[in-house]
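Here is the structure we will look at, set down as structure tokens.
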Protein chains: 2
Amino acid sequence: MHHAQMDALGDATRRAILERLLEGPIAVGELAREFPVSRPAISQHLRILKRAHLVTDRAIGTRRLYQVNPEGIEALRAHFDRLWSHALAAFKKAAEKPTTKEGR
Amino acid sequence: MHHAQMDALGDATRRAILERLLEGPIAVGELAREFPVSRPAISQHLRILKRAHLVTDRAIGTRRLYQVNPEGIEALRAHFDRLWSHALAAFKKAAEKPTTKEGR
DNA sequence: TCTTACGGTAAGCGATGTCTTACCAAATGC
DNA sequence: GCATTTGGTAAGACATCGCTTACCGTAAGA
């Protein structure tokens with residue numbers, strides 16, 4: 001689930017594509033012209049982002065517009081919200097007894 | 001900055017290590033016994049997590065305890081908070097005029 | 001001091017991932 | 001109908017990444 005989402009964000013180019021899509025929907029070819037990689041490479045990245053539910057696409061004639069998927073982003077945000085609260089709790093607990101012997 | 005953090009989270013094993021550290025500080029060897037990879041592999045993952053400021057470590061005798069770094073997690077949380085608000089704004093704007101010709 | 005436990009690092013290998021070029025299908029315009 | 005535009009996909013080259021084994025330094029215990 002969010003597993004595929006984190007894998008999708010593991011690549012710098014895909015993160016840049018996602019940032020670009022935040023400015024609005026854009027077609028594949030036009031998107032490719034803004035990046036230093038070929039159009040097929042962009043298509044492959046978009047496929048991964050799509051499978052991770054981070055973007056959606058729709059056909060307009062021969063063109064295909066991609067845009068961010070708010071639901072996917074929301075899932076990530078919620079995930080890191082939980083992660084942060086857990087991290088804070090773990091940190092506070094560790095600060096209480098910093099010389100734990102870890103049960104060895 | 002958060003660039004290294006996202007790269008660090010791009011690997012499933014590192015994400016699992018981070019989840020484990022949420023339960024409390026733990027030494028490298030003990031951590032390695034809970035995973036199906038060797039101890040050096042764990043050390044390498046921990047180094048990446050450390051450079052991304054997602055974990056901190058401290059020496060206890062010959063052992064070395066690792067724990068989550070709340071500040072690093074907080075940075076991620078803040079990042080996705082902003083990402084989500086931007087995604088929501090982009091989605092609303094796109095919903096207003098869905099048949100944009102994208103200035104071609 | 002000698003031995004043991006712990007963990008970081010280097011080197012090499014195998015797998016995974018990203019890029020390219022080439023090819024194809026679908027929709028539009030003439 | 002045919003040509004053009006757009007973009008998805010396949011195949012292969014290449015780089016990157018994660019893992020292992022081997023080795024080393026350091027700290028505690030006898």
Side-chain angles (χ1 to χ4, degrees), chain A residues 3-21 24-67 98-104, chain B residues 3-21 24-67 98-104:
Chain A
H3 192 271
Q5 294 189 336
M6 292 307 304
D7 286 339
L9 295 181
D11 178 73
T13 301
R14 281 194 291 274
R15 291 195 295 269
I17 289 175
L18 200 63
E19 293 282 344
R20 172 58 185 85
L21 293 183
I26 187 174
V28 177
E30 192 171 354
L31 184 61
R33 279 176 225 122
E34 301 185 6
F35 285 86
V37 296
S38 67
R39 181 192 52 74
I42 297 293
S43 277
Q44 292 163 8
H45 283 307
L46 287 172
R47 175 172 51 183
I48 294 175
L49 289 171
K50 184 178 175 181
R51 285 179 179 171
H53 302 290
L54 291 171
V55 304
T56 58
D57 63 329
R58 57 202 160 98
I60 303 292
T62 64
R63 304 171 67 202
R64 187 160 279 266
L65 295 185
Y66 280 81
Q67 64 180 17
T99 54
T100 306
K101 284 297 188 307
E102 292 301 307
R104 273 213 62 209
Chain B
H3 191 271
Q5 295 189 334
M6 292 307 304
D7 286 340
L9 295 180
D11 179 72
T13 299
R14 281 194 292 273
R15 290 195 295 269
I17 290 176
L18 200 63
E19 293 282 343
R20 172 59 185 85
L21 293 182
I26 187 174
V28 177
E30 193 171 355
L31 185 60
R33 279 175 224 122
E34 300 185 7
F35 285 86
V37 297
S38 68
R39 181 192 52 74
I42 298 293
S43 276
Q44 291 162 10
H45 284 308
L46 288 172
R47 176 172 50 183
I48 294 175
L49 289 171
K50 185 178 176 182
R51 286 179 179 171
H53 302 288
L54 290 171
V55 305
T56 59
D57 63 329
R58 56 203 162 96
I60 304 291
T62 65
R63 304 172 68 201
R64 186 160 278 266
L65 296 186
Y66 279 80
Q67 64 180 16
T99 54
T100 306
K101 285 297 190 304
E102 291 302 305
R104 273 213 62 209

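The sequence lines fix the lettering, A, B, ..., with proteins before strands; numbering per chain opens at 1. Atom set for the values below is all heavy atoms of this structure, side chains included, hydrogens, waters and symmetry mates excluded.
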Requested in this report: Walk me through it: do Gln44(B) and Arg47(B) pass the test side chain to side chain contact (heavy atoms under 4.5 Å, CB included)?
Outcome: CA-CA 5 Å; Gln44(B) 291 162 10; Arg47(B) 176 172 50 183; 4.0 Å; yes
Query - N or O in side chain of Arg47(A) less than 4.0 angstrom from dT9(D) OP1/OP2 - result: yes
Query raised in the report: Between Thr13(A) and dC19(C), is there a side-chain N or O to OP1/OP2 distance below 4.0 Å?
Result: yes
Report task. Specify the separation, in whole Å, of atom CD1 of Ile42(A) and atom P of dT18(C). Result -> 12 Å
Query - side-chain N/O His45(B) vs dC17(D) OP1/OP2, d < 4.0 Å - result: no
Requested in this report: Take Thr62(A) and Asp7(A), find for each the nucleotide of DNA chain C with the closest heavy atom, and name the residue whose nucleotide sits nearer the 5' end.
Outcome: Asp7(A)
Query - Distance, rounded to the nearest Å, where Leu65(B) contributes CG and dA5(C) contributes P - result: 19 Å
Query raised in the report: Donor-acceptor pair under 3.5 Å: do we get one between Glu30(A)'s side chain and the base of dT6(D)?
Result: no
Query raised in the report: Starting at the 5' end of DNA chain C and moving along, which residue's nearest nucleotide shows up first, Tyr66(B) or Asp11(A)?
Result: Tyr66(B)
Query raised in the report: Below 4.0 angstrom, N of the basic side chain to O of the carboxylate: do Asp7(A) and Arg15(B) qualify?
Result: yes
Report summary line: Ranking dT20(D), dC6(C), dC19(C) by distance to the side chain of Gln44(B), first place goes to dT20(D)
Query raised in the report: Asp57(A) CG to dT6(D) C1': how many Å, rounded?
Result: 14 Å
Query - Distance below 4.0 Å between Ser43(B) side-chain N/O and dG7(C) OP1 or OP2 - result: no
Requested in this report: For the residue pair Arg14(B) and Leu9(B), establish whether any side-chain heavy-atom pair is separated by less than 4.5 Å.
Outcome: no
Report task. Provide, to the nearest angstrom, the distance between the CZ atom belonging to Arg14(B) and the C1' atom belonging to dG18(D). Result -> 8 Å
Report task. First locate atom NE2 of His45(A), then atom CG of Leu18(A), and finally report the distance between them rounded to the nearest 0.5 Å. Result -> 12.5 Å
Report task. Could you check whether Arg39(A) gets within reach of a base, just the sugar-phosphate, or nothing at all, counting any heavy atom under 4.0 Å? Result -> base
Query raised in the report: If you check every side-chain atom of Arg63(A), which of dA10(C), dG7(C), dG7(D) has the closest atom?
Result: dG7(D)
